[in-house]
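Contents: one structure, followed by commentary.
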Amino acid sequence: MDARGRPRRTTPVMAQEEKDGYVPSEVEAKWQRLWEERGTNTFTREELENAEDPFYNLMMFPYPSAEGLHVGNIYAFTGADVHGRYQRLRGRTVFEPIGFDAFGIHSENFALKIGTHPMDLIPSNVRNFTRQLRRIGGMFDWKHSVDTTDPSYYKWTQWIFLQLFDAGLAERKEAPVNWCPSCMTVLANEQVIGGACERCGTPVEQRRIAQWFFKITQYAQRLLDNLEGLDWSDSTRKAQANWIGRSTGAQLHFPVLDGDGAETGTTIEVYTTRPDTVFGATYMVLSPEHPLVEEVTDDGLRAPVYAYIDAAAKKDLVARQKADKTKTGVPTGGYCRNPATGESIPIWIADYVLMEYGTGAIMAVPGHDARDFEFAREFDLPIVRVVAGPDDDAGTPLDEAYVGPGRLVNSGPFDGTDVHESVEAVTTWAAENGWGEPKVNFRLHDWCISRQRYWGPPIPVVHCGECGPVGVPEDELPVILPRVEDFKPDESGISPLARVEEWYRTTCPQCGADARRETDVSDTFLDSGWYFIRYPSTDFDDRPFDAALTQRWLPVDTYIGGNEHAVLHLLYSRFLTMVLKDLGHLDFEEPYDVFRAHGLIIADGSKMSKSKGNVIVPDPIIEEFGADTFRTYLMFLGPYEEGGDYRPQGIQGPFGFLHRLWDTVVSAGDGSPDPDVERKVHQTIRQVTEQIPALGYNTAIAAMMECLNVVRAGGRDAVRAEIEPLVIMVSPFAPHLAEELWQRLGHGGGVFDGARWPDFDEKKAAEEVVQIAVQVNGKLRATITIEKDTAEQEVVSAARSEENVARHLEGKEERRVVHVPGRLVNFVVE
RNA sequence: GCCGGGGUGGUGAAAUCGGUAAACACAGGGGACUUAAAAUCCCCCGCCCGCAGGGCUUCUGGGUUCGAGUCCCAGCCCCGGCACCA
């Protein structure tokens with residue numbers, strides 16, 4: 001006998017015990033096989049079409065790297081899968097697809113590095129990912145998977161390009177772009193992190209190349225406005241709002257002056273958020289790329305001006321965009337008039353002014369802008385105070401830019417007015433006098449989708465000498481990416497496809513003349529910008545998405561993914577959805593009703609990533625403990641939306657929990673439940689039912705552990721009625737184990753087909769007695785156990801008669817007694 | 001600099017509305033059962049003084065309150081994102 005009075009596992013019964021013991025690998029293999037045979041997780045087209053109460057559970061599809069999934073990836077998918085399985089147990093028809101985001105520079109670079117071809121590399125990576133994803137027991141609909149590199153998928157990616165092209169939302173223009181000299185490609189602004197390449201960390205340079213852009217800026221206001229109504233993680237919405245970067249201010253016109261101080265007729269346009277400080281604008285700065293540089297530059301100063309511009313153009317964006325470097329610049333010798341003061345002010349050129357934002361020119365107000373102040377100090381330009389703080393007057397000298405509140409000074413008719421209030425007044429005044437108007441500006445730039453690389457969908461355009469760029473007709477899609485052995489990019493900045501003459505030589509679809517295909521491929525964010533619309537419709541190869549299916553399944557009910565895509569992917573997919581709606585292809589404009597960002601798995605103090613060298617491979621862990629234990633452990637680590645520290649030893653907790661659950665269930669008998677145990681079970685149902693949909697997985701698991709401890713307390717044997725609800729509740733976390741136990745409990749259908757989420761009975765969950773804390777002056781002096789709903793008087797007198805309480809009350813004057821029913825009694829004494 | 005999220009035992013973490021801080025686990029210690037180990041079970045486990053009991057404790061300092069991890073003010077530190085954006 002062991003300490004609980006149960007027969008010990010002695011050698012003679014070992015063989016039999018072993019047969020009934022929990023062997024995760026067997027259970028998991030069995031149920032994965034059965035799910036597949038029964039089609040438990042997959043839908044037919046008809047099932048999708050007729051689904052009742054559909055729930056679209058989406059997770060961010062992975063990029064199939066050669067290394068395989070790491071623990072961080074598994075964490076993301078498991079958390080989303082738990083959510084989907086829970087919804088299914090609540091009776092929803094849950095569609096949970098998965099796919100592969102397999103195009104892109106990452107794969108291409110890896111293929112180059114190991115000397116293979118992406119077309120060979122990707123299928124083997126996909127096979128490995130598929131194996132791993134099956135192994136963790138996700139409820140994935142493998143019949144509706146997508147692979148962005150499959151022509152049957154990118155045919156429709158190209159179709160989407162053509163929709164934008166035809167609608168005038170795709171535009172080819174020569175533009176300064178971020179050029180990564182290591183990856184030898186153009187990067188979107190969003191892929192430049194702190195001035196360096198997102199992938200390889202190499203400082204990015206500027207180049208001017210003709211590129212395709214999607215005009216996402218036309219949608220900036222709508223993308224911003226809609227954020228308001230989305231049920232998304234707050235941090236994600238804030239990040240998007242920041243990225244869109246709306247600001248309000250004014251556009252002001254500064255007349256250029258000739259050598260005699262007369263207006264030339266040209267004006268320099270500036271954008272400012274602080275038109276109220278216009279009286280303090282003591283000089284003007286143009287960005288080096290500004291079109292008026294030539295016109296305003298004095299003949300005598302052309303040499304230094306051009307030298308400065310050349311240097312700026314060569315400088316990479318890191319050096320250029322470092323805020324903390326010393327300001328550089330050069331005077332043009334030209335002047336313009338400050339329209340507020342009427343004074344003539346010098347025009348300078350400096351690279352701290354960016355051509356990409358606003359008008360590419362600023363009015364410099366050194367008194368009240370830190371950057372202008374620094375520049376003015378550097379070049380000895382006049383600094384005028386136009387805002388006085390509470391302790392200042394008009395003459396108080398400035399030793400740094402003053403950006404605080406105050407009233408205007410040295411500002412003509414506006415002297416004495418509050419700065420903030422005068423923004424509007426000054427703008428109105430400027431408008432009345434014809435030198436300005438209110439203006440809204442966005443930081444968001446148009447989306448550059450061109451990539452001078454090989455591993456992506458060819459942009460479906462033909463360049464014709466007569467007709468210009470012409471879209472490839474829809475019935476000629478897809479434009480197949482040819483297999484090219486030499487796909488290494490070179491310094492030319494031209495796509496490798498431009499070396500494949502037999503591929504790019506074609507005829508113009510419009511006039512039939514000799515023409516040339518576009519040799520750039522598109523950005524992977526275009527592939528991933530619409531995959532969720534494709535999933536339900538993968539049974540159709542004659543349309544990108546079926547209207548009826550889309551109507552039934554979209555928008556996505558819940559999208560769970562990493563916050564690293566808070567800005568790019570989520571913004572682009574919102575944009576594409578809006579465009580498709582405007583073009584009449586969709587009847588909704590926001591793709592994801594609910595978005596939740598999961599946290600990060602931290603190993604050795606930082607996020608798990610290959611570059612940090614702290615990647616943990618899941619396969620051996622699953623081998624040793626089983627997928628169910630691993631899933632449960634990951635979800636138990638910490639709050640799902642905050643992530644957690646990965647500590648290998650911690651897996652022992654969930655491992656023991658699942659084993660004890662198994663033992664309890666297989667030895668459970670019939671009979672009526674113990675009332676105390678039943679109460680705990682109902683309390684647990686209530687708790688878990690609240691916590692799972694709120695992604696409080698860690699506390700839901702803790703509640704179940706606690707419940708099992710009560711069920712087994714003192715070594716008692718459980719009865720089935722006590723333990724069945726626990727089997728269902730644990731099933732989103734440990735689906736294989738739950739299926740097996742469910743079957744052993746004698747149920748015919750599987751948990752995910754037959755079982756329904758348990759209901760809790762408020763009456764059965766109610767406690768009859770409560771513990772009341774007794775405090776004297778807020779300090780705990782005793783705890784009393786008393787029947788629930790006892791009258792206040794009785795509670796207080798019971799509290800007062802506690803020995804330890806009485807001692808603290810003795811000889812003191814009672815001022816007040818605070819009674820919080822069911823919680824505490826606090827005696828406030830002298 | 002700006003915008004988010006944080007700071008609680010040796011560790012991961014709990015704590016509805018302001019109401020018994022540390023649930024649930026890991027690690028550690030002790031014990032039972034074992035020839036032994038594994039497994040299992042029981043007990044202890046924030047710090048200090050201890051017989052009872054008491055004092056202290058949720059980054060720091062103030063405040064509000066009968067009562068603050070939770071609310072308010074000021075500051076420090078960590079993580080993530082953005083950043084010469086006018």
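Note that the structure is a prediction, hence the values are computed from the model and not measured. Residue numbers start from 1 in every chain, and the chains themselves are labelled A, B, ... in the order their sequence lines are given, proteins ahead of strands.
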Assign A:Gln775 to base, sugar-phosphate, or nothing according to its heavy-atom contacts below 4.0 angstrom with the strands shown.
base
Pick base, sugar-phosphate or nothing for A:Pro639, based on heavy-atom distances below 4.0 Å to the nucleic acid.
sugar-phosphate
Residue A:Asn698, side-chain atoms from C-beta onward, closest of B:C24, B:C26, B:A14
B:A14
Using purine N1 to pyrimidine N3 plus N6-O4 or O6-N4 for Watson-Crick, or N1-O2 and O6-N3 for G-U wobble, both under 3.5 Å, which nucleotide pairs with B:U64?
none
Heavy atoms, side chains only, cut-off 4.5 Å: are A:Asn338 and A:Val278 in contact?
yes
Exercise: do A:Thr664 and A:Arg712 side chains pair donor with acceptor under 3.5 Å
yes
Given the C1' atoms of B:A21 and B:U16, what is the spacing between them in whole Å?
16 Å
Touch check for A:Thr783, heavy atoms < 4.0 angstrom, all strands: base, sugar-phosphate only, or nothing?
base
Between A:Asp663 and A:Arg660, does any NZ, NE, NH1 or NH2 come within less than 4.0 Å of an OD or OE carboxylate oxygen?
no
In the strands shown, is B:G80 matched to any nucleotide by a Watson-Crick or G-U wobble pair with both distances under 3.5 Å, and which?
B:C3
Minimum-distance nucleotide (side-chain atoms of A:Met705 versus B:C3, B:C84, B:C24):
B:C24
At 4.0 Å (heavy atoms only), tell me whether A:Ile362 reaches a base, stays on the sugar-phosphate, or touches nothing.
base
Considering every strand and a 4.0 Å limit on heavy-atom distances, what is the contact class for A:His808: base, sugar-phosphate, or nothing?
sugar-phosphate
When you compare the side chains of A:His253 and A:Glu437, does any donor N or O come within less than 3.5 Å of an acceptor on the partner?
yes
Using a 4.0 Å heavy-atom cut-off across all strands, classify A:Asn563 as base, sugar-phosphate, or nothing.
nothing
For a quick check of understanding: with a heavy-atom distance under 4.0 Å over all strands, which category does A:Arg815 fall into, base, sugar-phosphate or nothing?
nothing
To the side chain of A:Asn804, which of B:A86, B:G54, B:G67 is closest?
B:G54
For B:A15, the Watson-Crick or wobble counterpart (both distances under 3.5 Å)
none
Heavy atoms only, 4.0 Å cut-off, all strands: where does A:Asp234 land among base, sugar-phosphate and nothing?
nothing
C1' spacing across the pair B:A27 / B:C44, given as an integer number of angstrom
14 Å
Rounded to whole angstrom, note down the C1' distance from B:G7 over to B:C49.
30 Å
Which part of the nucleic acid, if any, lies within reach of A:Tyr646 when heavy atoms closer than 4.0 Å are counted: base, sugar-phosphate only, or nothing?
nothing
Under 4.0 angstrom, heavy atoms only, what part of the nucleic acid is A:Asp369 near: base, sugar-phosphate, or nothing?
nothing
Closest nucleotide among B:C82, B:A86, B:C24 to the A:Asn709 side chain:
B:C24
Need the pair for B:A21. Rule: Watson-Crick or G-U wobble, both distances under 3.5 Å, any strand; none if unpaired.
none
Looking only at atom P, what distance separates B:A15 and B:G80, rounded to whole Å?
25 Å
Tell me what A:Asp372 touches on the nucleic acid: a base, only sugar-phosphate, or nothing, going by heavy atoms under 4.0 Å.
nothing
Closest listed nucleotide, where the reference is the side chain of A:Gln771 and the choices are B:C82, B:U20, B:C24:
B:U20
Pairing partner (Watson-Crick or G-U wobble, both distances under 3.5 angstrom) of B:A37
none
If we only count heavy atoms from C-beta on, is the A:Phe657 to A:Leu708 side-chain gap below 4.5 Å?
yes
Exercise: do A:Tyr22 and A:Thr629 side chains pair donor with acceptor under 3.5 Å:
no
May I ask you to say what A:Ser247 touches in the nucleic acid, namely base, sugar-phosphate or nothing, with a heavy-atom cut-off under 4.0 Å?
sugar-phosphate
Phosphate-side-chain proximity, A:Arg823 and B:U20, N/O vs OP1/OP2 below 4.0 Å:
yes
Between A:Arg237 and A:Asp231, does any side-chain N to carboxylate O distance fall below 4.0 Å?
no
P atom, B:A52 versus B:A39: distance in rounded Å?
35 Å
Among B:C24, B:C82, B:C3, the one nearest A:Trp243 by side-chain distance
B:C82
Could you check whether A:Arg237 gets within reach of a base, just the sugar-phosphate, or nothing at all, counting any heavy atom under 4.0 Å?
nothing
Nearest of B:G4, B:C84, B:A27 to any side-chain atom of A:Lys327?
B:C84
With P as the reference atom in both, quote the distance from B:G6 to B:A86 in angstrom, rounded to an integer.
28 Å
What distance, rounded to whole Å, do you find between the two C1' atoms, one in B:C42 and one in B:C33?
11 Å
If you look at every strand shown and take non-hydrogen atoms under 4.0 Å, does A:Arg807 touch a base, only sugar-phosphate, or nothing?
sugar-phosphate
Classify the side-chain pair A:Asp446/A:Thr217 by whether it contains a donor and acceptor separated by less than 3.5 Å.
yes
Between A:Ile349 (CD1) and B:C84 (C1'), how many Å, whole number?
17 Å
